[in-house]
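First the structure, in the form of structure tokens, and then the observations on it.
Proteins come first, then strands; the chains are lettered A, B, ... in the order of their sequence lines, and each starts at number 1.
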Amino acid sequence: MKISAIVTLKKDVLDPQGKVVQQALKGMGFDNVKEIRQGKYFEIDVDENDKKKAEKKAEEMCKKLLANLVIEDFKIIGSQ
Amino acid sequence: MNSSVIIFPGSNCDRDMAVALKKFGFKNKMVWHNDTELPKSDLVVLPGGFSYGDYLRCGSMASKSKIIDSVIKFAKSGGLLLGICNGFQILTETELLPGVLLKNKYSKFICKNVFVKINNSENKYFKNIKKNILELHIAHNEGNFFCSNDQMKEINDNNQIAVHYCSQNGEIEDSFNPNGAIKNIAGLFNKEKNILGMMPHPERMIDNYLSGEDGSIFFQNLINNLK
């Protein structure tokens, strides 16, 4: 089963990369971009058929390694 | 005095650190990240570099490597554990130190000499040190120290700030903060002060002809305190 998870920076954490991307977009003519926040996307292929169990495993992975909970939030966004 | 320097794939200050430790009298051993046992050590060092290519987050993969369990055990039993630059990042990822090192505020890799002021010298690292402002070298892309308000309160309550970025005369102000770190924090202790994480590299300042000597002051003082 494939689980999708995203990791994003918490709201009050500075994101210099997002800012630079926003500036580049502005330079390309995308004037109406208000803000860009950059995050990470993970596709986790787990050897598990039970959706709940697979999502729980992915959640544990996020908590233990994929996200640093001091500065990041994570969300399981889908499974198939 | 025995020291151990841990080598991760992508470490690049491990040899410099070994040279510095030996110069000031440590008997040093290099330890590979896949080992599980630490040699008998009075000091363990996590060196600078780009462990595991800085994949995922700086220091995150190294914080899960095989040797780390022994390193944590060593530190939790009171052993001296020093993390420089990437080593500091590894210490926060293992949660031996609070907070995290974010990308530099101005999106630049910074490589230059800075001054740091020692904030707390009641510990093995800085006790009796003959200068309280040191000129050291920094070279990092992620040195912007950040933590939650609760963590900051705890850091202050326990006097855990080790060194601040400052001017040549010791003024701790925004204009002398190279990377945006909260409160100009350049180095941090754990509560018990046996673990020190620092962005600046003392091992790069041990030769008066090549660089400067303030790193020598740090290492000489450290070994004196351990004797």
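Environment of NZ in A/K10: crowded, with over 12 heavy atoms of neighbouring residues, nucleotides or ligands closer than 6.0 Å. Dense packing is recorded around NZ of A/K40, with more than 12 heavy atoms of other residues, nucleotides or ligands lying under 6.0 Å away. Atom OH of B/Y55 sits in a sparse spot, with 12 or fewer heavy atoms from other residues, nucleotides or ligands closer than 6.0 Å. Atom CG of A/D12 has more than 12 neighbouring heavy atoms from other residues, nucleotides or ligands inside a 6.0 Å radius. At most 12 non-hydrogen atoms from other residues, nucleotides or ligands lie less than 6.0 angstrom from CD of B/E95. Atom CG of B/D157 sits in a crowded spot, with more than 12 heavy atoms from other residues, nucleotides or ligands closer than 6.0 Å. Counted within 6.0 Å of CG on A/D47, heavy atoms from surrounding residues, nucleotides or ligands total 12 or fewer; the atom is thus considered open.
Summarising the geometry, atom CG belonging to A/D15 is positioned 9.5 Å from atom CG belonging to B/L102; distances are rounded to the nearest 0.5 Å. In this structure, the separation between CZ on B/R57 and CG on A/L65 is 6.0 Å, given to the nearest 0.5 Å. In this structure, CD in A/Q17 is found 8.0 Å from OG in B/S107, a value given to the nearest 0.5 Å.
In this structure, the portion of A/K64 lying under 4.5 Å from any heavy atom of chain B is its backbone and not its side chain. When heavy atoms are compared at a cutoff of 4.5 Å, B/K64 approaches chain A solely by way of its side chain, counted from C-beta outward. In this structure, chain A has a heavy atom under 4.5 Å from the side chain of B/N144, while its backbone stays farther away. Residue contact with chain A, scored on non-hydrogen atoms closer than 4.5 Å, involves the side chain of B/Q151 exclusively. Both the backbone and the side chain of B/L56 come within less than 4.5 Å of a heavy atom in chain A.
With chain B as partner, the option from A/N68, A/I71, A/V70 having the largest number of non-hydrogen pairs under 4.5 angstrom is A/N68.
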